[in-house]
Amino acid sequence: MTKGKMHYARAARMNKALLSFLFFLTAAGGAFALPVKTEAAAAPQITAAADTTTTAIADKKLELHANNELDLTYNMIGGQGASQSSLQKGWVYSDALNLSGNGAFKGYEYRMNLGVRYTNDQQLDIKKVLLTNLQGRISDGNNTLNVGDTFESFSQYSLNSALKGASYKYYDAQKDSPELTVVYGLAYPRWDNFYGDSEVKALKRTATGARLKQTLSPDFWLGMSALNVTDDAHSRLFDTDPVYENSVYSMDFEFRPAAGLTVRNETAAGFASMTPQKGAAAAKADGSAQQTELIMEQGKNRVNLEYERVSPYFLTLLGSASTDREKVKGKWKYKYDRDISFNFAMLWFHDDLNRQKAYQSSSYKPEIGVTLAKLFNRQYGTADLAYKFDRVYGGGSSTVNHLINANYRDRFFGLDSDTNAGYSIYRTNAKVRDEQELLVNTSLRDRRTMGMFVFKPALYLGVWTDKNELSNSRDKIYEYSVALDPEIPSQKITSTFKAGQKRLLKAGADDLTRTFLNCNIFYKAPFLNKLFANLNQGVLYFKARVNDLSYTAASKSFTETSLSTGVNVEF
Amino acid sequence: MKKITALLFISIIALSAASASAKWWIFGKSQDAVRVEHLFLNRLAFDETGTKLTVYKETLPEGMINIKGKAAADKSKIGAVQVSVDGKEKWEKAKLSDNGAFEYGFKPQTGTTYKIYVKAIDTTGKPSDVDSTYKEVTIAETTVKDGVKEALDSMVEAYKEESISRFMAFVSEDFTGDKTVLDRAVRTDFQAYDNLEFRFNFNNVSVNEKGMIAVSLNYSRMMTSISTGKTNKDTGTTEFVFILGENGPLIYSMKTPLIFGISDPSGVATGSTQANIVMTYDYSSSAKYFESFSFPDELVTKEPWASPPTINPNISGEFAIYGDSHHLTTRADVSYQDMGVMTLDELAAAPAAGYTCLYNTSILMAENHVYAFKLAGGAYGAIEIKSLEIPKTTLRYKYSPNGRNF
């Protein structure tokens with residue numbers, strides 16, 4: 001038997017064993033069901049009784065809702081550097097229609113959802129028409145079947161991605177039965193990956209899995225997941241695309257042994273086979289991952305302790321994991337009194353767990369912060385101070401960064417102010433990097449009512465400098481902007497107006513000045529209710545935007561001007 | 001490290017064995033109090049979310065809010081549990097089991113804020129601490145899709161104004177790439193990039209019963225690299241997972257290509273969007289003869305040239321590919337090494353030595369070869385040439401901001 005076949009045989013045996021165990025848990029689940037009192041002891045303060053959880057699903061007529069967003073934009077792009085613009089010149093339109101319906105019939109509740117988008121903006125979608133959502137769901141309260149867009153999040157390491165397929169779930173809340181979920185689907189990000197041409201072709205990645213979760217007591221639940229993901233080698237985009245067969249078996253639990261104390265854990269084993277390119281032999285990638293978290297909360301303290309280890313060859317195609325990492329993390333939030341709180345944290349992690357890389361790289365990131373409210377006896381004065389330290393070392397390289405931040409929020413003469421100051425030092429040894437960064441910005445905001453108008457003026461000022469000690473150069477950014485967000489509440493009109501300038505003064509290169517103007521007006525027009533029967537909500541809008549980027553060298557400068565109008569209606 | 005593992009393991013065993021009666025670490029807490037514990041709002045634990053929580057109608061199973069928990073009293077028996085959803089104005093009885101587990105369900109209205117309190121009363125009439133159970137739940141008027149759009153727009157605004165605290169307010173404590181790592185990566189982004197313009201269209205938005213939201217979107221992005229002073233643009237498809245928080249959706253996980261934290265993709269992203277694992281550059285669309293590139297993201301510095309330069313010593317990106325001849329050149333502060341025929345996945349670390357600078361010169365690239373790059377500031381990158389056609393070049397890339405390990 002070849003190595004690959006042995007691997008598949010072992011994976012198959014594990015699949016069988018796990019499914020047997022899942023079946024056993026399902027069967028045994030009833031033993032753990034909570035006995036529910038039929039009559040609660042009387043208490044004098046009770047004013048009314050409500051028990052909607054046991055209500056049978058009553059027949060309900062199909063209720064349809066529609067939502068349509070129509071947008072029409074005209075983009076003008078000028079200047080010699082116009083090719084840098086991310087906008088599409090000329091008329092750009094898009095229309096997004098969503099239809100949803102729900103109802104109940106003979107004890108079954110059903111729900112469906114359909115979304116379609118049409119656009120000619122090729123910067124955002126190469127295809128004009130896209131099916132954005134397609135979903136149907138039917139449930140009798142205990143059994144739920146979902147078809148189409150399917151998002152069953154088993155656990156972090158196993159399944160944490162949306163699929164196009166189907167899922168079935170069984171859970172009897174009254175008996176507190178085990179919760180069984182079975183899923184099958186393709187991990188396509190778009191519906192036209194199924195039927196589209198080569199422009200939207202994607203690797204066919206099929207997922208099949210099951211999860212069983214049992215609440216064993218009010219303080220303890222246990223979950224087990226099994227997921228197999230298989231890539232279709234014939235769907236490769238290129239002959240050199242790697243394809244995978246990946247099985248992940250995971251167990252997770254949450255336990256609350258005492259009030260304010262929570263223990264969480266997930267342990268997973270991953271078995272993968274990777275074929276790096278067409279015709280190549282498959283290589284194994286088996287590994288494990290585990291994460292344990294303790295959360296302790298009492299009164300003024302909240303402490304989190306976390307340990308995670310993800311082995312170098314642990315692969316999860318549809319879960320979330322940072323492979324080849326061992327991590328320890330601690331956080332302590334301490335609220336000294338109503339006005340003062342402290343935050344201490346430490347994160348340490350390293351890679352190269354099996355010593356196969358060129359060297360081991362370690363990161364160490366402690367931080368300390370304090371929040372002071374009612375500072376200087378000022379009612380709205382709040383300050384946040386933080387110091388963060390970063391160290392990354394290994395392979396003869398050592399990076400040490402110091403990050404100091406201060407934030408102060410207060411109200412002066414009726415104006416809300418928010419000021420940030422940051423000073424950072426970035427150093428990497430052997431004269432690779434030596435920079436000092438300073439950032440200061442402040443904003444003032446107000447709200448004034450003048451007759452039928454409400455104005456929310458704001459002023460923003462910012463400066464940023466970065467001094468490179470090695471090249472003895474300094475880059476600077478200056479920014480200033482003003483905003484005036486007038487509203488006419490009686491006419492259901494809201495708007496935002498913002499204009500400003502940002503200047504990048506670049507040492508040894510072209511300077512850049514960005515001048516911008518944004519104007520958005522929204523109107524909840526009553527006449528839309530007369531135009532459309534059953535209209536729930538209708539909003540008309542107009543947007544204008546100017547974005548001018550002027551470089552010292554005119555060949556790179558360009559200006560974008562966009563005018564948009566549209567209507568959003570909801571039935 | 002083994003010691004830490006052992007210590008954690010022993011702690012878990014000890015705490016598990018201690019069971020419910022051992023509260024030795026809760027200093028000064030009264031043992032005979034009537035209390036409410038383990039509160040859940042549907043699948044969301046009360047203490048895992050802030051005091052305020054915004055939920056969307058689509059995320060509620062059967063449109064219901066179910067409040068579950070456990071009431072306990074050490075020296076007496078629980079007689080009743082009551083729930084108020086209107087700020088203590090009116091109390092309603094929850095369904096109670098023998099062991100103190102209780103449940104209360106109601107059908108909320110869109111656009112309404114519910115001020116929820118839970119009260120347990122023992123058989124002597126002694127109540128629990130009601131205020132500690134307070135949760136303000138708003139049922140959003142908008143759809144999940146609008147909520148996600150609003151969250152992403154607000155994150156982009158905070159990113160533009162370089163307000164790290166406002167930006168991180170949209171990131172869940174349970175962020176899979178680690179919130180601290182993202183914090184540092186975004187700060188580095190602020191130092192490296194400016195003038196972000198970000199537009200997006202949803203490909204798909206899916207919600208599950210736990211209130212988690214999976215989002216696939218197409219984006220068009222433009223931003224200025226401070227190191228080169230160039231404004232770059234790119235387009236792509238990426239995926240996020242959000243969970244519900246105080247002000248709406250919070251980011252739970254991100255996949256490559258990244259929108260935020262692009263300075264540390266290997267630390268921040270936990271997965272990749274498979275539709276965008278390759279990049280194809282078509283040189284035929286205009287009179288361009290090469291594209292220059294900069295790591296870490298696929299931000300392309302497009303430089304149209306009137307005629308093909310034989311050698312271009314002044315590219316703005318870290319390296320450039322000539323579309324009409326498939327030559328590779330580098331900037332003066334960048335050097336390269338041909339790793340031969342291999343896949344990008346096989347390159348765990350960039351080599352320590354053996355690099356050559358291609359400033360003022362160029363080499364002919366080959367299909368299926370991986371090229372490693374030593375960049376300024378202790379960073380490394382690598383590209384895998386998937387195909388070389390005229391006028392198209394297709395490549396994959398990876399990047400490490402700190403050292404050679406990818």
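Chain A is the first sequence line, chain B the second, and so forth, proteins listed ahead of strands; every chain is numbered from 1. Every value quoted in this text rests on a predicted model; they were computed, and no experiment measured them.
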Partner chain A: residue of B:Lys70, B:Arg404, B:Glu367 with the largest heavy-atom pair count (under 4.5 Å): B:Arg404
Based on non-hydrogen pairs under 4.5 Å, which of B:Ile226, B:Thr343, B:Val181 is most in contact with chain A? B:Ile226
Is the NZ or CZ atom of A:Lys164 both under 6.0 Å from the centre of the six-membered ring of A:Tyr188 and within 45° of that ring's axis? no
When you measure from the centre of the six-membered ring of A:Phe349, is the NZ or CZ of A:Arg325 under 6.0 Å away and within 45° of the axis? yes
[X] versus chain A, the contacting section by heavy-atom distance below 4.5 Å:
X	result
B:Glu384	side chain
B:Val207	backbone
B:Ser216	side chain
B:Ile213	backbone
B:Gln191	both

Using side chain to side chain contact (heavy atoms under 4.5 Å, CB included) as the criterion, list what pairs up with A:Asp384, not counting sequence neighbours. A:Thr371, A:Asn407, A:Arg409
Residues B:Asp183 and A:Lys365 bridged, charged N to O under 4.0 Å: no
Between B:Phe202 and B:Phe200, does the ring centroid distance fall short of 6.0 Å? yes
Sorted by chain and residue number, the salt bridge (charged side-chain N to carboxylate O under 4.0 Å, His left out) partners of A:Glu308 (sequence neighbours excluded) come out as A:Lys327
What part of A:Arg111 lies closer than 4.5 angstrom to a heavy atom of chain B: side chain, backbone, both or neither? side chain
Given that the side chain runs from C-beta out, which part of A:Tyr359 has a heavy atom under 4.5 Å from chain B: side chain, backbone, both or neither? both
